[in-house]
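Every value quoted in this text rests on a predicted model; they were computed, and no experiment measured them.
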Amino acid sequence: MSRRGWRLAAAIGLAVSVGVALTAAGLMSRAARRADIPVETVEPSAFVRVVPAEGSLQASRATPVSVPTGATAPLPVGWLAEDGSRVRAGEVIARFDPSEIEKELEEAADQLAGARLKAEKERVHGLAEVRKLEEDLALARKELNAAQQFQKKDGIVYSRAEIVESEIDQDLARERESHARQARRGQESLTGAGLDLLGIEMRQAEARIQRARASLASLQVTAPHDGVLVLQRDWNGEPIRVGDMVWNGQVLAEIPALETMEAEVFVLEADAGGLSPGKPATVILESRPGVEHAARIARVDSLARPRFRGSPVQYFGITLALDRTDPATMKPGQRVRAILRLDERAGALTVPRQAVFERDGSPVVYRRKVDAGAFETVFEAVFEAVTVKLGPSGAGRVVVESGLSRGDVVALADPTRRDSPGSPESPDETPDPSGETAREASAP
């Protein structure tokens, strides 16, 4: 080979060596970037799903105190005992304003007096009409008797015309007598019907008077037994106040039995999965934040509902049965916070929420396939997508029921995204011998 050939061969060898070195540097750079993806090793651990709730204490048993049944109209509250005050049996806890009832009583008395006056007038007028008709009837009877007594029948003495005229007079007298009798009966019936209607009106007025008097007699409510008075709340949680209108039988307040308390709390509809009676819970009084009370779910509402009027947020109402009641510190209406433990598992496989992605409509995690050196990662995928079955989720973590095993290493960022460190689609910025940036074949 000539000297010129040796020089050409040496130049080609040098170029190949430089290219191999640059390629190796680029491959090592890509491998280093892949190593930047955050990962976590899957290990079994205890998992507890907890849900916060808030509400208030209430007594398991309470005696309702209602508006007396004798009240026939809405009553304005004139006075109320203080909410949460201690009361004794027979003590007055509410009084009502008598103004409306007194007005009703006065109107009913006026109605009764008017009905009685009209009845008397109807009776006198009816009697006068009946007497007048009786006089007409008596006169008709006299005329009939006269017609019968002086009837012209003898054809020898009277002419045919006189005999016919006499028969006509007798028929007319009979008709007048019958008409007078029927008119009297009709007037008697009409008078009786009018008096009956007025009698109904009088009885109605008397009933109004009796109801008003009964309402006046029930213008105060007393406590049925000793205890703490808890006023009834409306939709917005506001108690009954002086001036509110209340109805017959409406519950005004309760006197609870303080020896057994329970908590009524509310859970957001989105957190309600797994709610069922028997689940454990912890109750904390806002007035004593450092003391925890053990409890269990006793009842769960079948339907979610808003807690506040006009709010679209739905809650499930939960009743928590306390393991122990402390009458010295627990009172109905006290605000409480609760922690519900809805799912507890020992040795569960969990991953952070950011390790779960969606692919073709199914949840997947990216599991590290190999743990090789920098050059080997170029030829084999470092992470593979694994379809998993998810279980309950807690604060930042989710249970994986199938698809992963202990010791698996999962990516905490999507390695297939261009902006993910070390992604196979990330540009390789290793400069080539020409001074330009070399990119992977898949890059545009």
Side-chain angles (χ1 to χ4, degrees), residues 63-81 87 89-137 179-225 229 231-235 238-255:
T63 302
V65 180
S66 305
V67 178
T69 56
T72 59
L75 299 173
V77 178
W79 176 85
L80 271 175
V87 295
E91 183 179 343
V92 176
I93 59 176
R95 293 190 180 93
F96 307 109
D97 187 348
S99 302
E100 292 295 326
I101 302 176
E102 291 173 347
K103 180 180 177 181
E104 172 73 10
L105 180 60
E106 183 178 351
E107 290 177 353
D110 291 342
Q111 179 187 2
L112 178 60
R116 285 175 174 171
L117 288 175
K118 287 190 287 185
E120 181 63 21
K121 181 179 178 180
E122 181 70 20
R123 187 181 65 81
V124 172
H125 177 74
L127 288 176
E129 291 294 323
V130 168
R131 287 174 181 173
K132 181 179 178 181
L133 292 172
E134 285 179 346
E135 292 176 357
D136 293 343
L137 177 59
H179 174 74
R181 185 171 59 251
Q182 292 176 358
R184 186 192 65 179
R185 291 176 180 173
Q187 182 61 45
E188 289 174 346
S189 299
L190 183 61
T191 302
L195 291 174
D196 290 341
L197 290 175
L198 291 171
I200 294 174
E201 185 176 347
M202 285 188 290
R203 288 192 293 272
Q204 290 176 341
E206 290 170 350
R208 288 179 64 187
I209 291 173
Q210 292 176 359
R211 289 194 298 268
R213 287 173 177 170
S215 297
L216 284 174
S218 60
L219 284 179
Q220 63 182 26
V221 179
T222 58
H225 57 77
L229 182 70
L231 297 180
Q232 190 73 4
R233 262 65 177 173
D234 61 12
W235 177 271
E238 297 295 331
I240 292 177
R241 295 186 174 91
V242 173
D244 289 349
M245 302 297 292
V246 293
W247 295 83
N248 178 11
Q250 179 179 339
V251 177
L252 295 173
E254 290 182 340
I255 301 180

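Of all heavy-atom pairs spanning Pro224 and Ala89, the tightest one is O-CB, 4.0 Å. Between Leu231 and Ile240, the closest heavy-atom pair is CD1-O, 3.8 Å. Between Val242 and Gly78, the shortest heavy-atom contact is CG1-O, 3.5 Å. Taking every heavy atom of both residues into account, Ala223 and Val87 meet most closely at CB-CG2, 3.9 Å. The shortest heavy-atom contact between Gln250 and Met245 is OE1-O, 4.3 Å. Residue Phe96 comes nearest to Leu252 through the heavy atom pair CZ-CD1, 3.8 Å, listed as atom of the first residue, atom of the second, then distance.
Leu112 CG to Gln204 CD: the interatomic distance, rounded to the nearest 0.5 Å, is 11.5 Å. Separation of atoms CG (Leu80) and CD1 (Ile93) is listed at 8.0 Å; rounding is to 0.5 Å. From Lys118, atom NZ reaches atom CE of Met202 across 10.0 Å, with rounding to the nearest 0.5 Å.
A salt bridge links Arg116 with Glu206: the distance from a Lys NZ or Arg NE/NH1/NH2 to an Asp or Glu carboxylate oxygen falls below 4.0 Å.
Partners of Thr63 under the side chain to side chain donor-acceptor pair (under 3.5 Å) rule, at least two apart in sequence or in another chain, are His225. Every residue meeting the side chain to side chain donor-acceptor pair (under 3.5 Å) condition with Glu238, not counting sequence neighbours, appears here in chain and number order: Arg241. Annotation: side chain to side chain donor-acceptor pair (under 3.5 Å) contacts of Gln111 (sequence neighbours excluded): Arg208.
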